[in-house]
Each structure stands twice: as C-alpha cells, then as structure tokens.
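Comments concern the structure below.
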Amino acid sequence: MKTSILSTNKKRSRLVTVAAIALVFMLFGMTLPVGVFAATENTERNLMSAIQGETNASAAYSAFADVAEAEGYYEVANLFRATSDAEKKHSEDEWYALIDLDRSVTRPAVGELSVGTTAENLQAAIDGEIYEYTVMYPSFIEEARAEYASDAISVFNRAMKAEQIHAGNYADALENIQARNYMVDTYSTVYRCPVCGAVFSAATVPTSNCPVCGTATVRFVRYIATSVVDTYENLMTAVQGETNAVAAYTAYAEQAEDEGYLDVANLFLATAAAEQQHADELWVILTAMGAKPADRPKAAVPVVGSTAENLQAAIDGETYEYITMYPNFTTARGAGSRSADASRLFFQLSAVEAVHGINFEYALARLDDAEYLAEAFGTLYRCPVCGAVFSAGDTGTVVPLPGDNCSICRASVDDFLEHQVDEAEAEGVFSQRVKVIALTLLAAGMIIVSRGFGDSRRRS
C-alpha cells in the first residue's frame, strides 16, 4: 500500500512539473518541446533492462569470485565480491525508480550465466562494464531526459559513473594478475561506497568523500581478501595483547615502587616501552591493510597483585606469546608483501618476548636479593628496533647486553636506549627502609624494656 501511494504521488508530482513547464512556454508564446506530455514507456523499459543487467552482473561476479578463490586469486575474488554487492545496489535503486512509475511490474530473475577462468571472467567483466558506461547508460539517460523522469536520470547517472570505476579496477587486476605483491597491496582490501556502489582499491580510495556521490569515506564498506583474513585478525590480536601488556607493566611498575622494588619497577617500565614499540609496529602493517584509527584496540584494565604475583603474571604472558601465539601467527595463511611483513615481525617478536620472559623469571627467583636486583635491573638497555631488553649487569643469569649488535635484529648497540633507576629515589627508598627498620627495632626494644620493668615491679 505504501509503495502504491508513493507511486501515485510521484506521478502527480510529474504532472505538476509538466503543467508548470507548459504554462511557462505558453506565456512566452513558445512551442512546447515534443515529449513533455509523453508517457515514460521508454524509461520504464530501460529501467527493467538495467535491473536485469545489474542482477545478472551481481550473480556473475559472485560466481567469478568463487572461481578466483579456487584458483588462488584471493584479491581478485575480493574485488569481484565487493563489485557484486555494488551491482546489487544498482539493481535495488533502479527497481525502486521503476515501481514509482509502474507498480504492476514484476522484478526479473537472474538469467543464464557463463563462467570461465579468472582471466576470462575479468575480461568478460571489463567488456560488460565498458558497454554499460559508454553505451547503455548514456542512452538510457538521454531517453529519461526526454521523458522528464528525474529519478531514473539520477540512478542511471550514478550507476554509469560507478561502472566506469569498476571497469578500471578489472582492467588493472587483469593486467597485474600475476604480480602477486601488487595484487595483495592493491586489492586485498577494497572499499565500496554504500550509496552509489563505486568500488575503490587501497590505492584509489578517496581521503574524504566519494567522487561520484559525495558520500563520506568513513561510511564505506570494507572488504578483506580471505588470503589475509587470518593475518589481519592475528595482527589485531597481537596489538591487543601488546597494548594490554603496556598497561599492565606500567601498573606493575607502580606497585613495585610502592613495595620498594625500584629495580623491578625499572624492568617493568623498560619492558612496557618495548611492548609499546611492538604494538606500534604491528599497527603500521594493519593500517596498510586498511585498518582505521577507530579500529585500534584499547587496553584492558589490568589486574594488579603483589610484585611477586605481577612477575608471575608477566612470565605467564610472555611464555604464551613466545611459545604459542607468535609461532602460530608466523605460519598463518597469507601471501604477498603485507602478510610477509607480518610473518617476519611475528617471528622477531617471538624471540624478543623470550628475552623478556627470562628477565622476569630471574627477577621473581631473586626477589629477596636486593644486591642482585640492583646489578641485574638497575640499568637496562632496550633495542630501539626489536624492543629486546638487556641487562647492563654481569650476573651470569639474565640476558646480558650484546657486544656490538642486537642478538635478535642486529641493530647497533650504540643506538640502544637506557633505562635506569633514579639514584636519588633509590637512596630515598633505602633511607625509608632504614627508618622503618630503626623504628621497628626501637619499638621492639621499648616493648622488651617495658616488660622487664613490669617484671621487676611484680618481684618487688
């Protein structure tokens, strides 16, 4: 009922518009253009034809995507799926324009499809898109103008411009189909405008608004190729883990300071800085894969216990990362430069977290040995490339500072960043401990003396 009322209103609006045009021409004694009072049979026929074509294209591109994925062209499959949804949007827009003109029409079903190899399917898609934006839609727009069908003109015009962009994507994909890294970098993530259906690659996505319809890019729908989905999700998991570690280690450092373990606090803070490095490096790859600032994980609220408990929690976390998480992520599905970059980084981080785990293990094992903690963790050096944290001391247990180059990433030791306990703060803590001990002894002495005095009075 609602659609019928809308259709009637549309027809009335058109009649009013036509009447106004006729009145203007009559007042000025001009001849009314042929077709002003014409019906919209041509436009209705063209809308039906466009709906059929877009419906077929949507189904074909979906089938083409399955073939591309089966042949290992995951990025082409990603492009086909995004464009399939765009063609579906075109058919929807055209259908609503049609039923505004004629409520009695029946929507066409998918026609017979022809599916070949991925290269053949790309060429078929190119031919179809070129025909649509150079021949079909221009002729439809011309006839819609002759019949003053404004809604049809609008949807035809948007679709025509989007089809030109689609044709360019397909031509580029076919030309570079064997350039593996290029395909991953360009089409592993693509974006579809939800209004006009234009599809953009990572290289062509606009910075602010769609060039076809002006829609803000923040509303674009993102598509990620299945070949990099695992890597993308693993990167997100890693960023979440490293971000949580930064928050936890920072909180652990405060707890260690409160308990007087300044050297352990130094270790926590140095390692927190390393984990921040890791999170930032992982995020760079995610950004290249299409992640937006709003997608970046936020730190979970850490659970803080005693320093001993916090050290054990840190050991457990680091052990899981270098024994299980990062090795598994290294072998995840994915091809091309982005996934390769992620795999290399995962492998490196596994080695770094092992170093961090060792540091924490020895800190916990010798937590009551103040001299050991001062030598092992009073001064630490962090590699600015991989984030490994090394001890400046010579305890024979913790991972010592390398001679010339980082033992993990080969960065120069000359560039290492120093983390050191503040001597004045350490002296303050020592003085406070001395005061506490002195007061404790004094209190104990007073208790002993008072007891002795009480005993002597009872004897007398």
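Quick note: residue numbers are just sequence positions, from 1. Because only heavy atoms are used, hydrogens play no part in the values below, and waters and symmetry mates are left out as well, while side chains stay in.
- A donor atom on one side chain and an acceptor atom on the other are not found under 3.5 Å apart for H278 and E281.
- For the residue pair D151/Y96, the side-chain donor-acceptor check at 3.5 Å is not satisfied.
- In terms of heavy atoms, P297 sits closest to T243 at O-CG2, 4.1 Å.
- Nearest heavy-atom pair, G116 versus N121, reported as atom, atom and distance to 0.1 Å: N-OD1, 2.7 Å.
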### Query
side-chain contact (heavy atoms from CB on, under 4.5 Å) between H419 and V389: does it pass, once the steps are laid out?
CA-CA 9 Å; H419 295 262; V389 175; over 6 Å; no

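- A heavy-atom distance below 4.5 Å is not found between the side chains of T204 and Y191.
- Counted by atom type alone, W283 and T287 present one or more donor-acceptor pairs between their side chains at under 3.5 Å.
- Side-chain rings of Y74 and Y187 stay apart, their centers remaining 6.0 Å or farther from each other.
- Side chain of E71 to backbone of T118: a donor-acceptor contact under 3.5 angstrom is found.
- Every side-chain contact (heavy atoms from CB on, under 4.5 Å) that V355 has, sequence neighbours left out, goes to N359, V399, I408.
- In this structure a side-chain-to-backbone donor-acceptor pair under 3.5 Å is present from S91 to K88.
- A donor-acceptor pair under 3.5 Å is formed between the side chain of Q52 and the backbone N or O of A109.
- Side-chain atoms of E132 and H166 include no donor-acceptor pair closer than 3.5 Å.
- Using cut-offs of 30° and 60° for the angle between ring planes, the F64 and Y61 rings count as tilted.
- Under 4.0 Å is where a charged nitrogen must lie from a carboxylate oxygen, and between D263 and R366 no such pair does.
- At a threshold of 4.0 Å, the pair R107-E92 counts as salt-bridged, since one of the basic side-chain nitrogens sits closer than that to a carboxylate oxygen.
- The neighbour count for D404 CG, taken as heavy atoms of other residues, nucleotides or ligands under 6.0 Å away, does not exceed 12.
- Taking the six-membered ring where tryptophan is involved, the planes of F156 and Y137 are tilted, since the angle between them lies from 30° to 60°.
- Ring-plane geometry between Y252 and Y249 is classed as tilted, the angle between the planes lying from 30 to 60 degrees on a 0 to 90 degree scale.
- Within the 3.5 Å criterion, the main-chain N or O of I153 finds no donor-acceptor partner in the side chain of N157.
- Judged by distance alone, the side chains of H356 and E321 never bring a donor and an acceptor atom under 3.5 Å apart.
- Using cut-offs of 30° and 60° on the angle between ring planes, the pair F390 and F416 is parallel.
- Salt bridge absent: K89 and E54 never bring a charged side-chain N and a carboxylate O closer than 4.0 Å.
- Of the N and O atoms on the side chains of N181 and D185, not one donor lies less than 3.5 Å from an acceptor on the other residue.
- Using a 4.0 Å cut-off between charged nitrogen and carboxylate oxygen, D341 and R344 count as a salt-bridge pair.
- The backbone N or O of T307 sits less than 3.5 Å from a side-chain atom of E259, completing a donor-acceptor pair.
- A donor-acceptor pair is defined here as one N or O able to donate and one able to accept, closer than 3.5 Å; no such pair exists between the side chain of Q240 and the backbone of A299.
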#### Entry: Step-by-step ring-ring contact (aromatic ring centres under 6.0 Å, His included) determination, Y170 to F80
CA-CA 9 Å; Y170 287 141; F80 273 135; 5.2 Å; yes

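- With a 6.0 Å radius and a threshold of 12 heavy atoms from other residues, nucleotides or ligands, E371 has its CD atom at or below the threshold.
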